[in-house]
Number of protein chains: 2
Amino acid sequence: MDKAPPETTNTDSRRASHGSVTLADVAALARVAPITVSRALNNPDSVSETLRSRIRTAVDQLGYVPNRMAGALASAKTKVIPVIVPSLSNVVFIEVIEGVQETLTAHGYQLLLGTTDYNLEREAELVSALLGWAPPGVMIAGLRHLPRTNTILKNAGLPVVEMMEYGARCIDMNVGLSHFRAGMEMAEHLLARGYRKIGFVGTRLRDDYRARQRYDGMHRRLLESKNACDMLFDYPGGGSQQLGWNALGDILKTNPELDALFFANDEMAVGAILRAQRDGIAIPGRIAIAGFNGLPVSSLVTPALTTIISPRKLMGHTAAEMLLARISGGSPAARRVNVGLELAAREST
Amino acid sequence: MDKAPPETTNTDSRRASHGSVTLADVAALARVAPITVSRALNNPDSVSETLRSRIRTAVDQLGYVPNRMAGALASAKTKVIPVIVPSLSNVVFIEVIEGVQETLTAHGYQLLLGTTDYNLEREAELVSALLGWAPPGVMIAGLRHLPRTNTILKNAGLPVVEMMEYGARCIDMNVGLSHFRAGMEMAEHLLARGYRKIGFVGTRLRDDYRARQRYDGMHRRLLESKNACDMLFDYPGGGSQQLGWNALGDILKTNPELDALFFANDEMAVGAILRAQRDGIAIPGRIAIAGFNGLPVSSLVTPALTTIISPRKLMGHTAAEMLLARISGGSPAARRVNVGLELAAREST
DNA sequence: AAGAAAAATGGTAGCGCTATCAAAAATCAT
DNA sequence: ATGATTTTTGATAGCGCTACCATTTTTCTT
């Protein structure tokens, strides 16, 4: 005989508890202690076959779904990992998230998504709010945050991976590539092909400082070369194909002396190429065009776009793996990973 | 003098509790009862200005971050909403998610992301797992699920919005458009422009049944017209530009009699157009091309792509608003919303 | 076969927060 | 002023689960 505690479980009408089946109900039906059900679910090997199957039956029969909140509260462990990115409009973040998601899912983790819209204040709030879920780790885009954000994350004492860019100083772990270097390499390439007056076209460069770093890299390299110069174009709004399309027209009109344009991303660069096609502007004859990211479309346009290929999905996978390694107590192969980049020299330059 | 309960809070070393500051700590510092801190945080108006500011000071001083899990468990309320989509590789889902995210964030909700990879089994598991977070509602792509999934969701007694497609039977609420109708309209358009032998090009059509519905719609319309016929091409893999690029070449070779191709999405259609451009295939002279979705790029390629514009972000916004309306106890303006579609007849047909 | 070691099960006590009701303080009416 | 009403604050008791330790049962030694 099991002495059912009188006023327990759902008998109490004070709280709605959305009428759900609890672990105690399963336990009662299977005639075992609640803790045994808990074990059967979380650590099946520690329960005898007999009880395990009796419990499984009860679970199925009642349609029991464990309350993660209660479990997490009691064990101080969650399997939900916040992933914070600036925006979803940029394919690049999507692909990184995809990589992260694939790896996390494979290990039974869930992804809690936050977007900052490139706003560091909002980022800080988001980090703080998401820490309220007592996650086992945090994944966040970028190395630049408010001091407050850094403090919060450091104090939380959690594994943290900063993604997208590779740099010397990180909160905990870092996976990315050097955008400065990407800019230098592109400059190198353009110089080698004989271009001397190069425009860099970006959007919201104050917020999108990684694009700005690419410009800085290009600028630095061009400085080393005599008779080369650059020009910076910073448009408002998102870096869309439409924007590249418009920018090409404007820039050719206002700055006809330029012989090459390095766009902050492939979307814009492709937009420019499509515009050139439509208007019969010769590329690279009249002006050369280069992009960044290595989106699939870059090799399909005519002329094929010269770009820098970034291993975005790999970045997501690597970042997630590093985080999981740390969560499970081990230490990742490396605390900082430079995933590198590859310049694809094609027809547009 | 407040009588600090002897062995409470963090003094107990049995559990790690990741050394975090709790509400009780804040209460002690502010010399009020814990419940008052809770109120000051969740319902500031119900606490006097004096205590409120004293509590705020204590919160800041300690860097207190409320444990959402504990709060959710106690109140049986969360502000996290699962959003389940087939994949992140498809821009369409991204834009819907973006819309959802914007609306949810504005109302203080968080987005818990799940992807099914078009696998209904996985979808069922995901739904079940995510319900463990006791969410106030669920957002899910599509109207077709396993019976099991439907049962679980109905029994959960939560507001549920099914997105992407519009149809007669939904679990609870539905926002989308009629894909069958989209197919009919495109067929109508192609017939009007004189095309008679039309190929439909899709990928994984068994899984992507919405694309299949577009084909069905087209097929139905073509049946009504004598001397018109269609042909279905179903490729494996994702519906990328590369795939459209390849498909155009193959199909022109194997089925030279076709005079128009309706691609399952703009990505593929754009890929085909880019291929045609590269190879000097006349569009629509040799073959007409149409797409679906109305991605921005569709109007930038040459020739501009005829497509059907779907209001993706609007869908996300609407869906989220309907859900929130239901969560806050009200009822949405409508239980089912057809967001409609718009055929953009352009140069490629 | 008797005792020791290992495995399986259970009892108890929280995890950190909030719903409920009760008490205290402030405001109002007459 | 005095009682009635409203507002503010607090004590208590869980939400559903798991950590910890204790107990029982099984398996292993020699």
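Numbers restart at 1 for each chain; the letters A, B, ... are given by sequence-line order, proteins then strands.
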(Q) If the cut-off is 4.0 Å, is B/Thr36 near the phosphate of D/dG10, judged by side-chain N/O to OP1 or OP2? (A) yes
Q. Is any side-chain N or O of A/Ser38 closer than 4.0 Å to OP1 or OP2 of D/dC17?
A. no
Checking [X] side chain against [Y] main chain: does a donor-acceptor pair fall under 3.5 Å?
| X | Y | value |
| --- | --- | --- |
| A/Thr115 | A/Pro86 | no |
| B/Asn174 | B/Met163 | no |
| A/Arg122 | A/Asp117 | no |

Atom pair distance, as rounded to whole Å: [atom1] in [X] and [atom2] in [N]:
| X | N | atom1 | atom2 | answer |
| --- | --- | --- | --- | --- |
| B/Asn42 | C/dT18 | CG | C1' | 8 Å |
| A/Asn43 | D/dC17 | CG | P | 17 Å |
| B/Tyr64 | C/dG16 | OH | C1' | 7 Å |
| B/Arg39 | D/dA11 | CZ | C1' | 11 Å |
| A/Ile35 | D/dT23 | CD1 | C1' | 14 Å |
| A/Leu23 | C/dC15 | CG | C1' | 16 Å |
| B/Leu131 | D/dG16 | CG | C1' | 16 Å |
| A/Leu41 | D/dG16 | CG | C1' | 13 Å |

Of the nucleotides [options], which one has an atom closest to the side chain of [X]?
| X | options | answer |
| --- | --- | --- |
| A/Thr22 | D/dG16, C/dC17, C/dA19 | D/dG16 |
| A/Val32 | C/dC17, C/dG10, D/dA11 | C/dG10 |
| B/Leu73 | C/dC17, D/dG16, D/dC17 | D/dG16 |
| A/Asn67 | C/dT18, D/dG16, D/dA11 | D/dG16 |

Indicate yes or no: does [X] engage [Y] in a salt bridge with an N to O separation below 4.0 Å.
| X | Y | answer |
| --- | --- | --- |
| A/Lys154 | A/Asp172 | no |
| A/Arg148 | A/Glu125 | no |
| B/Glu162 | B/Arg336 | no |

Q: Find the distance between CD (B/Glu98) and OG (A/Ser87) and round it off to the nearest 0.5 Å.
A: 6.0 Å
Q) In Å and rounded to the nearest 0.5 Å, what is the NE2 to CD1 distance from A/His145 to A/Ile140? A) 4.5 Å
Q: Would you classify B/Ala33 as touching base, sugar-phosphate or nothing, given that sugar-phosphate means primed atoms plus P, OP1 and OP2, and contacts are heavy atoms under 4.0 Å?
A: sugar-phosphate
(Q) Classify B/Pro34 by what it touches in the nucleic acid, base, sugar-phosphate, or nothing, heavy-atom distance under 4.0 Å. (A)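 Since no nucleic acid heavy atom lies under 4.0 Å of B/Pro34, the category is nothing.
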Q. Could you give the angle between the helix axes at the two ends of the helix from C/dA1-D/dT30 to C/dT30-D/dA1, with five pairs per end, rounded to 10 degrees?
A.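 That helix has its two terminal axes inclined by roughly 20°.
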Q: List in numerical order all residues of residues 46-55 of chain B for which some heavy atom is under 4.0 Å away from an atom belonging to DNA chain D.
A: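 The stretch gives B/Val47, B/Ser48, B/Leu51 as the residues lying under 4.0 Å from the strand, ordered by number.
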**Q.** Neighbour count >12 (heavy atoms, 6.0 Å) for atom NZ, B/Lys79
**A.** yes
Q.
On the side chain of B/Arg68, is there an atom forming a donor-acceptor pair with the base of C/dG16 - under 3.5 Å, no angle test?
A.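 For B/Arg68, whose side chain was compared with the base of C/dG16, there is no donor-acceptor pair (under 3.5 Å).
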**Q.** A/Tyr209 side chain to A/Glu165 side chain, donor-acceptor N/O pair below 3.5 angstrom
**A.**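 A donor-acceptor contact under 3.5 Å links the two side chains.
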